Amino acid sequence: MKNIHLIRHAKSSWENATLTDHQRPLNKRGRKACERMAPRIWSHGCSFKNVYASTAIRAQQTIELISQQLQLNMHWRSDSLLYTFDSNELYHWLVQRPEDEESVVIIGHNPALMSLSNLLGDQELAHLPTCSYVHLAANVQHWNALDNHCANIQAFYHPKMFIDEW
């Protein structure tokens, strides 16, 4: 079985119009969402092994804040191929993972993450808000065997589910 943990980057700032999309940082709400979501993701059982993040500043800051909140000495790899909004590109990246990785954590972008979840998962998500988390458990032995609806959605969390804690 292969496990796929998808984390959409937290809410980014549009305050500085001179920044490119790739350079946009998190805003205050995004930073707060990382603090709230980190323990939920951890308590679900995400071990944060084989963590890959888009090179976009907002994705890097998302995983950095989650790591800080959990007080983990977490290591992640930045991959420019994850700075994509295309689920086909994300799928092709995923099926090329090394076989010794039983699970991966991807910090990336919509619509690629939601479309990938809908392609692989047994339930369709209508919306994947910023800082959302989806855990897909794929009933396959090899990454290149990932196919339509081969995975069960084990968890789907988003920040507004925990609004009473804010």
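Here, residue 1 is the first one in the sequence, and each next residue gets the next number. Source: prediction; values computed, not measured.
Taking the ring-ring contact (aromatic ring centres under 6.0 Å, His included) definition, one finds that Tyr91 meets it with nothing, sequence neighbours left out. Under the rule for a salt bridge (Lys or Arg N to Asp or Glu O under 4.0 Å), Glu124 has no partner lying at least two apart in sequence or in another chain. Remark: Arg58 pairs with Asp21 by the salt bridge (Lys or Arg N to Asp or Glu O under 4.0 Å) rule, at least two apart or across chains. Trp76 is linked by a ring-ring contact (aromatic ring centres under 6.0 Å, His included) to nothing, counting only residues two or more places apart in sequence or in another chain. Contacts of His9 classified as ring-ring contact (aromatic ring centres under 6.0 Å, His included), with partners at least two apart in sequence or in another chain: His109.
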Please step through ring pair (Phe, Tyr, Trp, His ring centres under 6.0 Å) for the pair His44 and Tyr133, ending with a clear verdict.
-> CA-CA 10 Å; His44 171 70; Tyr133 166 74; 5.8 Å; yes
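Looking only at atom types and distance, the side chain of Gln60 has a donor-acceptor partner in the side chain of Ser78 under 3.5 Å away. Side-chain atoms of Thr18 and Asn16 include a donor-acceptor pair closer than 3.5 Å.
Identified under the ring-ring contact (aromatic ring centres under 6.0 Å, His included) test for residues 14-34, with sequence neighbours left out: His22-Tyr83.
Other residues, nucleotides and ligands contribute over 12 non-hydrogen atoms within 6.0 Å of the CD atom of Glu99. Counting non-hydrogen atoms of other residues, nucleotides and ligands closer than 6.0 Å to CG of Asn144 gives a total above 12.
Ser117 places no side-chain N or O within 3.5 Å of a backbone atom of Leu113 that could act as its donor or acceptor partner.
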